2 protein chains.
Amino acid sequence: MDKRKNILSTALQLFGQKGYEATSVRDIAAGAGVNIAMINYYFGSKEKLLESVVEYKTSGIQLVFAELEKNPSITQIEKIDTIIDNYIQRMFAGPQFHHLLHRELSLENRPQMKDAIIEILFRNVVSIKAILEKGIESGEFKAVDVELTITTLIGSISYLLTSEGMCRKLLKKNKEFNPFQNKKLKERLSEHLKQLMRSHLLINHKPIK
Amino acid sequence: MDKRKNILSTALQLFGQKGYEATSVRDIAAGAGVNIAMINYYFGSKEKLLESVVEYKTSGIQLVFAELEKNPSITQIEKIDTIIDNYIQRMFAGPQFHHLLHRELSLENRPQMKDAIIEILFRNVVSIKAILEKGIESGEFKAVDVELTITTLIGSISYLLTSEGMCRKLLKKNKEFNPFQNKKLKERLSEHLKQLMRSHLLINHKPIK
DNA sequence: AAAAATTAATTAAACGTTTGTTTAATTTCA
DNA sequence: TGAAATTAAACAAACGTTTAATTAATTTTT
């Protein structure tokens with residue numbers, strides 16, 4: 001059962017780097033150190049392997065925000081802080097998977113897979129939305145555009161992850177700089193988004209200057 | 001010379017919808033109504049066709065911000081407003097091309113194409129950066145994180161364009177709603193980003209409530 | 001202006017590779 | 001002994017590309 005995981009993680013790596021279509025089952029087999037036939041033996045087909053990869057990476061997570069949402073002992077802006085850090089942590093930890101998901105979303109092949117991914121990503125949206133709406137209702141937040149605020153939050157992180165090269169160029173870093181494994185960049189992004197959300201959301205916000 | 005353009009626009013459409021690898025030259029030929037051999041006759045190869053598509057769509061633009069940047073008669077926040085509207089207009093006008101560019105950026109095939117795209121996208125970044133820095137220096141703006149503010153700006157628009165389905169689900173719209181051709185959504189996004197940037201950037205900002 | 005010569009555009013067919021998948025035989029392990 | 005795992009080989013289909021022949025358009029010559 002070890003070879004199964006080998007195949008899954010190799011497939012994730014290659015699908016993320018080169019895309020689904022540009023990755024051959026022979027590439028995956030070679031990378032995982034197994035015979036080509038083993039992939040169809042275990043997963044049935046290349047497409048089902050893709051589905052298995054997505055399922056493998058998404059099962060068992062996503063319940064992080066559920067309890068946070070209902071916690072009455074912290075303010076809504078503090079919940080937003082937590083969500084920002086959690087999001088950054090997760091997305092930076094697996095940029096390949098992030099690429100894979102968003103590529104499938106932007107493609108018009110495999111519509112059922114697209115729907116499944118939307119469902120997965122939307123779980124987070126629901127939680128954030130509830131927090132924002134609660135904050136607005138209680139008077140802690142301004143009456144902002146909830147949906148587009150979520151878009152800004154996720155979009156900011158997402159865009160930074162799009163391309164290592166673009167990220168390096170934007171931040172004026174050299175070739176040795178790996179954006180996706182850099183702790184300082186994550187902290188910097190966290191700080192930026194927290195500041196941004198405070199200015200954007202809080203009614204009584206005194207900028208530090 | 002009319003068939004050349006037919007091929008180019010069909011290729012753009014299909015590359016954008018299905019991705020480069022999943023689009024066959026036969027698909028393109030059929031869509032453009034030409035013989036398969038014409039593609040290699042005109043462009044040399046499938047990969048050179050891709051390069052031609054990118055060149056075709058990017059030549060002759062990109063100088064919009066250059067004059068804006070130096071205009072001394074309007075404030076920096078007004079320049080940001082203009083940039084927001086211009087960006088939204090351009091990206092919503094050609095979501096397929098946007099998909100194509102960002103997919104190439106996230107892939108590790110064709111590195112030279114990746115560098116070319118980074119170069120193209122970076123021209124806008126430079127202009128926005130200059131405006132932000134000028135605003136900070138003059139005291140109109142707070143001392144925000146310039147690079148990440150740009151990321152937020154572009155990322156917000158970009159993320160909304162990722163998937164029609166996700167966009168519809170987020171905004172609770174029905175199947176007939178086409179996010180990319182909806183005027184009200186563009187105005188709503190414009191309003192959101194302008195508000196966001198005012199809260200984020202302006203030193204003396206009085207929220208409307 | 002008509003005919004001939006030359007270049008460009010267009011086609012159907014075939015090229016060699018690579019693709020995902022399957023088969024049938026063999027090895028491994030309980 | 002029997003089921004599961006693993007293998008090398010072969011499968012048809014699809015891929016990007018090329019060829020060689022033909023038609024269309026343009027230029028040159030008469």
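As a basis for the values below, the full set of heavy atoms in this structure was taken, side chains included, without hydrogen atoms, waters or symmetry mates. Throughout, a chain's letter reflects where its sequence line sits, starting with A, and its residues are numbered from 1. Here the structure is a predicted model, which means the values were calculated and not measured.
Atom-to-atom, CG of A:Asn40 to P of D:dA4 comes out at 18 Å; the value is rounded to the nearest Å. In this structure, the CG atom of B:Leu49 is 11 Å from the P atom of D:dG16, given to the nearest Å. Distance, B:Phe43 CZ to C:dA9 C1': 14 Å, rounded to whole Å. If you measure from atom CZ of B:Arg110 to atom P of D:dG16, you get 12 Å, rounded to the nearest angstrom. Look at CG on B:Asp2: it is 10 Å from P on C:dT10, rounded to the nearest Å. Atom P of nucleotide D:dC11 and atom CZ of A:Arg26 are separated by 14 Å, given to the nearest angstrom. Atom NZ in B:Lys3 sits about 10 Å away from atom P in D:dA25, given to the nearest Å. One atom, CD of A:Glu21, and another, C1' of D:dG16, lie 16 Å apart when rounded to the nearest Å.
The phosphate of D:dT6 has OP1 or OP2 within less than 4.0 Å of a side-chain N or O from A:Tyr42. Taking 4.0 angstrom as the limit, A:Lys46 places none of its side-chain polar atoms (N or O) nearer than this to OP1 or OP2 of C:dT19. Applying the 4.0 Å criterion to OP1 and OP2 of D:dT6, one finds that A:Tyr41 has every side-chain N and O outside that range.
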Which side-chain N or O atoms in residues 126-136 of chain B pair as donor and acceptor under 3.5 Å with protein atoms at least two apart or in another chain?
none

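Evaluation of the salt bridge (Lys or Arg N to Asp or Glu O under 4.0 Å) rule for A:Glu21 yields A:Arg110 as partners, not counting sequence neighbours. Under the side-chain hydrogen bond (donor to acceptor under 3.5 Å, both in side chains) criterion, B:Thr152 pairs with A:Ser156, A:His192, sequence neighbours left out.
Between A:Gly44 and A:Asp27, it is A:Asp27 whose nearest contact on DNA chain C lies nearer the 5' terminus.
Counting only residues at least two apart or on different chains, the salt bridge (charged side-chain N to carboxylate O under 4.0 Å, His left out) pairs with a member in residues 75-87 of chain A are A:Asp81-A:Arg198, A:Asp85-A:Lys194. Sequence neighbours left out, the pairs with a member in residues 44-54 of chain A that pass side chain to side chain donor-acceptor pair (under 3.5 Å) are A:Glu47-A:Gln112.
A donor and an acceptor atom, one from each side chain of A:Asn109 and A:Tyr20, are nowhere located under 3.5 Å apart. Side-chain atoms of B:Thr149 and B:His200 form a donor-acceptor pair, as typed in the model, at a separation below 3.5 Å.
At a non-hydrogen distance threshold of 4.0 Å, A:Asn35, A:Ala37, A:Met38 from residues 29-38 of chain A come into contact with DNA chain D.
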